[in-house]
Number of protein chains: 2
Amino acid sequence: MADVDADPKKLTRNQQAVLAALKGAGRPLTAYDVLGLPAIRKAGMKAPLTIYRALDKLIALGLVHRIESLNAFVHCGHGPHDHAAGFLICTDCGRTLEVHLESCENHLAGRARDQGFAVDDVRVEMTGRCPDCAGRAAVP
Amino acid sequence: MADVDADPKKLTRNQQAVLAALKGAGRPLTAYDVLGLPAIRKAGMKAPLTIYRALDKLIALGLVHRIESLNAFVHCGHGPHDHAAGFLICTDCGRTLEVHLESCENHLAGRARDQGFAVDDVRVEMTGRCPDCAGRAAVP
DNA sequence: TCGGACAATGTTATGATATAACATTTAAAA
DNA sequence: TTTTAAATGTTATATCATAACATTGTCCGA
Ligand SMILES: [Zn+2]
Ligand SMILES: [Zn+2]
Ligand SMILES: [Zn+2]
Ligand SMILES: [Zn+2]
């Protein structure tokens with residue numbers, strides 16, 4: 001899946017800038033969110049395509065994940081990995097938590113194989129409330 | 001999750017037209033795909049918003065699902081249901097297969113609860129090749 | 001039957017997300 | 001160095017989705 005042997009030192013200037021932006025945010029950002037950051041403008045990036053190209057590379061390297069249901073991108077919370085990850089998406093604060101799915105992955109892919117389906121990639125996204133927000137809601 | 005007690009007879013003209021379009025297609029269509037269908041134009045629908053409004057209702061009724069990674073919509077292959085579904089998405093032919101995830105759902109949601117996360121909704125999308133396309137690829 | 005309430009629709013405009021095309025530069029190999 | 005591939009810059013455009021507001025249709029109780 002991800003190119004786990006990637007050398008972060010070999011990232012280009014643009015790729016480093018985008019990765020740093022996502023790390024710093026600590027939550028998913030859209031490509032246009034990234035584009036709007038001062039640090040990104042200072043790095044000379046000013047077109048959406050510039051951001052998308054950096055993101056494409058970072059995703060291929062497994063350093064960043066795309067959250068489909070948000071059209072947003074988040075720094076990988078686990079370092080590059082070769083198994084499927086799942087995302088818990090807080091609908092209150094917008095933060096996400098990445099969870100490993102080694103065991104579930106087999107179960108899910110098994111369901112697919114039962115149907116004669118050859119699985120390449122498994123994506124899991126769950127919405128709800130994170131511990132912080134669930135706590136706040138319970139104590140009004 | 002879905003409003004399982006919905007009465008299909010109560011669907012409006014627009015909602016019926018969009019539902020019929022998705023049933024007939026047998027695969028996911030984008031809102032603009034739907035908008036472009038002759039049957040839809042004949043029904044008098046000519047603005048994207050008209051399509052999105054019908055889709056919103058059909059999704060709320062559990063008659064249609066949204067495929068996040070395709071920005072597309074597909075007729076529910078199982079009749080309304082209250083548990084999570086997963087989608088197998090063929091990257092060759094574009095068709096999808098809906099699979100039930102009663103058992104997996106608990107496992108996945110359990111992983112979330114381990115993190116103190118209160119889950120509302122579980123979405124699973126798997127890409128790969130459907131039986132037809134996998135077969136064709138294997139016999140070149 | 002009337003009339004209020006609410007859902008659905010029509011219409012126009014705009015916002016948000018993503019890619020095409022092509023020229024140029026940079027970095028890595030050979 | 002010559003060659004090759006990857007990354008970047010720039011402009012324009014394609015694709016997906018919603019805002020705002022006026023109007024119409026449907027249901028249900030008075
Ligand atoms: Zn990860
Ligand atoms: Zn939260
Ligand atoms: Zn379904
Ligand atoms: Zn196929």
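Predicted, not measured: the structure shown is a model, and the values here were computed from it.
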Notebook entry, point to check: What about R53(A), does its side chain sit under 3.5 Å from the base of dG9(D) through a donor-acceptor pair?
Noted result: yes
Next item on the list: Take atom CG of D56(A) and atom P of dA6(D), then tell me their distance rounded to the nearest Å.
Entry: 14 Å
Checklist line | Interatomic distance, L35(A) CG vs dA16(C) P [rounded to whole Å] | finding: 13 Å
Next item on the list: Begin from the C-alpha positions of D114(A) and V99(B) and carry the test side chain to side chain contact (heavy atoms under 4.5 Å, CB included) through to its verdict.
Entry: CA-CA 10 Å; D114(A) 293 345; V99(B) 295; over 6 Å; no
Next item on the list: Let me know the distance between NZ of K10(B) and C1' of dC6(C), rounded to the nearest Å.
Entry: 14 Å
Notebook entry, point to check: To the nearest angstrom, how far is D33(B) atom CG from dC16(D) atom P?
Noted result: 7 Å
Note to self: It should be established whether N14(B) places a side-chain nitrogen or oxygen under 4.0 Å from OP1 or OP2 of nucleotide dT9(C).
What the structure shows: yes
Checklist line | Atom-to-atom span, CD1 of I59(A) to C1' of dA18(C) - whole angstrom | finding: 12 Å
Checklist line | Side-chain donor-acceptor contact under 3.5 Å, H78(B) with H100(B) | finding: yes
Item checked: Whole angstrom value for the distance that separates C1' of dC16(D) from CG of L55(B) -> 12 Å
Check: Rounded to the nearest Å, what distance is computed from the CG atom of residue L11(B) to the C1' atom of nucleotide dT9(C)?
Finding: 15 Å
Notebook entry, point to check: Under 4.0 Å: is that the gap between some side-chain N or O of K57(B) and OP1 or OP2 of dA7(C)?
Noted result: no
Next item on the list: Would you mind classifying the nucleic acid contact of A31(B) as base, sugar-phosphate or nothing, using non-hydrogen atoms under 4.0 angstrom?
Entry: nothing
Notebook entry, point to check: So, does H81(B) use its side chain to make a donor-acceptor pair with the main chain of H83(B) at under 3.5 Å?
Noted result: yes
Notebook entry, point to check: Is any side-chain nitrogen or oxygen of N71(B) closer than 4.0 Å to OP1 or OP2 of dT15(D)?
Noted result: no
Notebook entry, point to check: Under 4.0 Å: is that the gap between some side-chain N or O of R13(A) and OP1 or OP2 of dG9(D)?
Noted result: yes
Notebook entry, point to check: Does the side chain of K46(B) get closer than 4.0 angstrom to OP1 or OP2 of dT11(C) through an N or O atom?
Noted result: yes
Next item on the list: Could you check how far CD of Q15(B) sits from P of dG10(C), rounded to whole Å?
Entry: 11 Å
Margin query: Checking S103(A) against R111(B): is there a side-chain donor and acceptor pair closer than 3.5 Å?
Written below: yes
Notebook entry, point to check: Does T12(A) place a side-chain N or O at less than 4.0 Å from the phosphate oxygens OP1/OP2 of dT8(D)?
Noted result: yes
Notebook entry, point to check: Does any pair with a residue in residues 33-56 of chain B pass ring pair (Phe, Tyr, Trp, His ring centres under 6.0 Å), and if so which ones, sequence neighbours excluded?
Noted result: none
Check: Does any N or O donor sit under 3.5 Å from an N or O acceptor when you compare the side chain of Y32(B) with the base of dA17(D)?
Finding: yes
